[in-house]
Amino acid sequence: MTRVYNFSAGPAALPEPVLRQAAEEMLDWHGSGMSVMEMSHRGKEFIAIADEAQALLRELMAIPASYKVLFMQGGAIAENAIVPMNLLRGHAGADYVDTGEWSKKSIKEAKKYGKVNVAASSADSGYTTIPPRDTWKLDPDAAYVHICSNETIGGVEYHWTPEVGPAPLVADMSSSILSRPVDVSKYGLIYGGAQKNIGPAGLTIVIVREDLIGQALPATPSAFDYKTVADNDSMYNTPPTYGIYIAGLVFKWLQAQGGLAAMETKNRAKAALLYDYLDTTGFYSAPVAKDCRSLMNVPFKLKDEALDSAFLKGAEARGMVQLKGHRSVGGMRASIYNAMPVAGVQALVAYMKEFEAKNG
Ligand SMILES: *Cc1c(COP(=O)(O)O)cnc(C)c1O
């Protein structure tokens, strides 16, 4: 068996020890005689698995007791609708900050439910920056202020938490959740699909302040009403049980790595390996402004895009896959989530140097 270095933006690589444990437990979880996939979500075994996953996530992120942790389905794209349905709470609309492809999607969807005020946009920079806070034009009656903490496609990330006044701050953290510590108390709601930095696709994590729950628009589907989901401990409908189990194993793995502060140190070191090299060569370039470069998704370009396919082919031959950039930005993108070992990034940089020496 050979495992590749998988630089996919999502679904993405998972820690190998987690996959091994899941394989070992596949046919018989802890003497239950069945796979987690085959368990009733209301049975004592699965309830223990879900409770432990939630407890571990609460501990890792230091989630205050006044927040609910919800295990939902539909991904971040469904949350783009579920958030306004639940959080408008009688307000006419909400503020959105536009920093790239994913914020644009959130904005488009929210417009179906209310008025969207685009409080700031980095479109003018080609989405290579984050608009400074003092340029944001917030609506004093906004129900909430929405940001995308890390633009997975463009590779721009907030390295600060915006202060937005009384309106709750809502963040799509799909691709940066668990990459470093965040102060949850600064947010009204955090959401993200699991398939970037947590586990298999199909599980959506929602962390929401309790006082924001319970005023959903009347037409909100019950399975998407945070109150229904919270009141039923995420078991109003059948939750993505296997995804929750794998997420729990990943949370345990993160704890064994030393928690999120330790992950931040590792993630900074991995990102620095790549960015430092990109900044010393004219053969490759990194488009994103230095103060908002993503630790998780590193887009870069070759000086001559005619070499792109040769670059990708050579990478694949060396066991490094999924480096092609998103079609909207072109070039390359290396996604280096928690599960990507330093050795994977070292191998990539070594290959980039070799390719430059041969073609530069
Ligand atoms: C991947 C991603 C999404 C889309 O998630 P789905 O699970 O496909 O709905 C939304 N926002 C961000 C920031 C993402 O990285």
Side-chain angles (χ1 to χ4, degrees), residues 6-14 70-87 94 96-112 116 121-122 127-128 130 144-159 161-162 169-180 182 187 189-207 221 223-224 229 239-240 242-244 246-247 250 267 271 288 292-299 322 324-329 333-340:
N6 176 6
F7 292 92
S8 170
L14 286 169
L70 310 178
F71 295 135
M72 297 181 68
Q73 303 190 42
I77 290 182
E79 289 302 322
N80 283 340
I82 297 168
V83 165
M85 281 192 277
N86 280 273
L87 256 52
Y96 279 71
V97 178
D98 169 28
T99 49
E101 296 298 321
W102 288 116
S103 1
K104 278 196 281 187
K105 280 219 166 76
S106 299
I107 288 165
K108 190 169 168 217
E109 191 71 7
K111 282 180 176 167
K112 294 183 178 175
V116 167
S121 171
S122 57
Y127 295 116
T128 58
I130 302 273
Y144 57 89
V145 181
H146 181 283
I147 62 167
C148 177
S149 301
N150 180 64
E151 289 278 359
T152 320
I153 292 172
V156 297
E157 178 172 8
Y158 284 82
H159 292 288
T161 309
L169 181 62
V170 172
D172 175 358
M173 279 195 195
S174 295
S175 52
S176 60
I177 191 163
L178 300 176
S179 63
R180 56 195 170 97
V182 293
Y187 296 83
L189 188 148
I190 291 168
Y191 66 94
Q195 72 272 22
K196 313 296 170 49
N197 217 7
I198 293 180
L203 166 66
T204 316
I205 305 280
V206 175
I207 301 163
F224 292 156
V229 181
Y242 200 73
I244 292 169
I246 298 288
V250 171
N267 287 329
V288 176
C292 51
R293 285 176 170 176
S294 169
L295 297 183
M296 297 284 102
N297 311 98
V298 182
Q322 299 286 347
K324 195 176 158 78
H326 190 269
R327 60 189 181 281
S328 66
V329 287
R333 172 178 48 173
S335 293
I336 50 174
Y337 298 113
N338 286 339
M340 173 60 66

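One-based numbering, in listed order, for ligands and for the atoms of each. Numbers here simply count residues along the sequence, with the first being 1.
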Enquirer: State whether the side chain of Tyr337 and the backbone N or O of Gly10 hold a donor-acceptor pair below 3.5 Å, judged by distance alone.
Expert: no

Enquirer: For the pair His146 and Tyr96, name the ring-plane relationship: parallel under 30°, tilted 30 to 60°, perpendicular over 60°.
Expert: parallel

Enquirer: Around Lys324, counting heavy atoms of other residues, nucleotides and ligands shown, do more than 12 lie under 6.0 Å from its NZ?
Expert: no

Enquirer: For ligand 1, list all ligand N or O to protein N or O distances below 3.5 Å, rounded to 0.1 Å.
Expert:
from	atom 1	to	atom 2	distance (Å)
ligand 1	7 (O)	Gln195	NE2	2.8
ligand 1	9 (O)	Ala76	N	3.1
ligand 1	9 (O)	Ile77	N	2.8
ligand 1	11 (N)	Asp172	OD2	2.6
ligand 1	15 (O)	Thr152	OG1	2.4
ligand 1	15 (O)	Lys196	NZ	2.5

Enquirer: Flag the pair Glu157 and Arg180 as a salt bridge only when some basic side-chain nitrogen lies within less than 4.0 angstrom of an acidic carboxylate oxygen.
Expert: yes

Enquirer: Work out which heavy atom in Asn197 is nearest to a heavy atom in Asn338; give both atom names and the distance.
Expert: OD1-N, 3.1 Å

Enquirer: Taking all non-hydrogen atoms of both residues into account, name the closest pair between Ala223 and Val229 and its distance.
Expert: O-CG2, 3.4 Å

